[in-house]
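Below: one structure, written as structure tokens.
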Amino acid sequence: MTATVKPTTVRIDENLKARANEILGSIGLSYNTYVVMATHQLVNQRRIPFEIVPAGEVPNDETRRALIVAEAKEMGLIADDARAFDDVDKLMAFLDEE
């Protein structure tokens with residue numbers, strides 16, 4: 001039995017499609033191939049084949065702090081071998097040793 005392939009039009013934001021194509025291209029897939037694969041999985045699994053999650057804050061607080069520390073190290077404001085503390089008691093113990 002031969003499958004009949006019909007062209008389908010999908011309306012998508014130009015920037016969103018460009019971002020998707022960049023990701024898909026990096027793994028050797030076209031946008032069309034991805035849509036076909038996702039559709040096959042929808043039919044096979046009888047559910048949306050991926051988790052739907054809301055976009056998070058970009059960057060989140062943890063990432064933003066890490067970027068600030070990295071930039072401060074790059075600028076020489078923080079030494080590369082500087083001690084870091086995530087606990088006040090450990091910081092105070094370190095300062096008492098000095």
Enumerate, atom names and distances included, each donor-acceptor pair closer than 3.5 Å involving a side-chain atom of residues 10-30, sequence neighbours excluded.
unit_1, atom_1, unit_2, atom_2, d
D13, OD2, N15, N, 3.0
D13, OD2, L16, N, 3.0
N21, ND2, K17, O, 3.4
S26, OG, I23, O, 2.6
S30, OG, T33, N, 3.0
S30, OG, T33, OG1, 2.8

Solution key, residues 74-93 side-chain donor-acceptor pairs under 3.5 Å, sequence neighbours excluded:
unit_1, atom_1, unit_2, atom_2, d
D87, OD1, D89, N, 2.9
D87, OD1, K90, N, 3.0

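Linking ILVMFWY side-chain heavy atoms closer than 4.5 Å, directly or via other members, places I52 and Y34 in a single hydrophobic cluster.
By the neighbour-count criterion of 12 heavy atoms within 6.0 Å, atom OH of Y31 is densely surrounded, having more than that number from other residues, nucleotides or ligands.
Nearest approach of A38 to P49, heavy atoms of both residues: O-CG, 3.8 Å.
Every pair tested for ring pair (Phe, Tyr, Trp, His ring centres under 6.0 Å) that includes a residue from residues 54-74 fails, sequence neighbours excluded, so the list is empty. Listed by first then second residue, pairs satisfying side-chain hydrogen bond (donor to acceptor under 3.5 Å, both in side chains) with a partner in residues 36-48 read Q41-Q45, Q45-R47, not counting sequence neighbours. Applying the ring pair (Phe, Tyr, Trp, His ring centres under 6.0 Å) definition to pairs two or more places apart or across chains, none involves residues 44-74.
Remark: R65 pairs with no residue by the salt bridge (Lys or Arg N to Asp or Glu O under 4.0 Å) rule, at least two apart or across chains.
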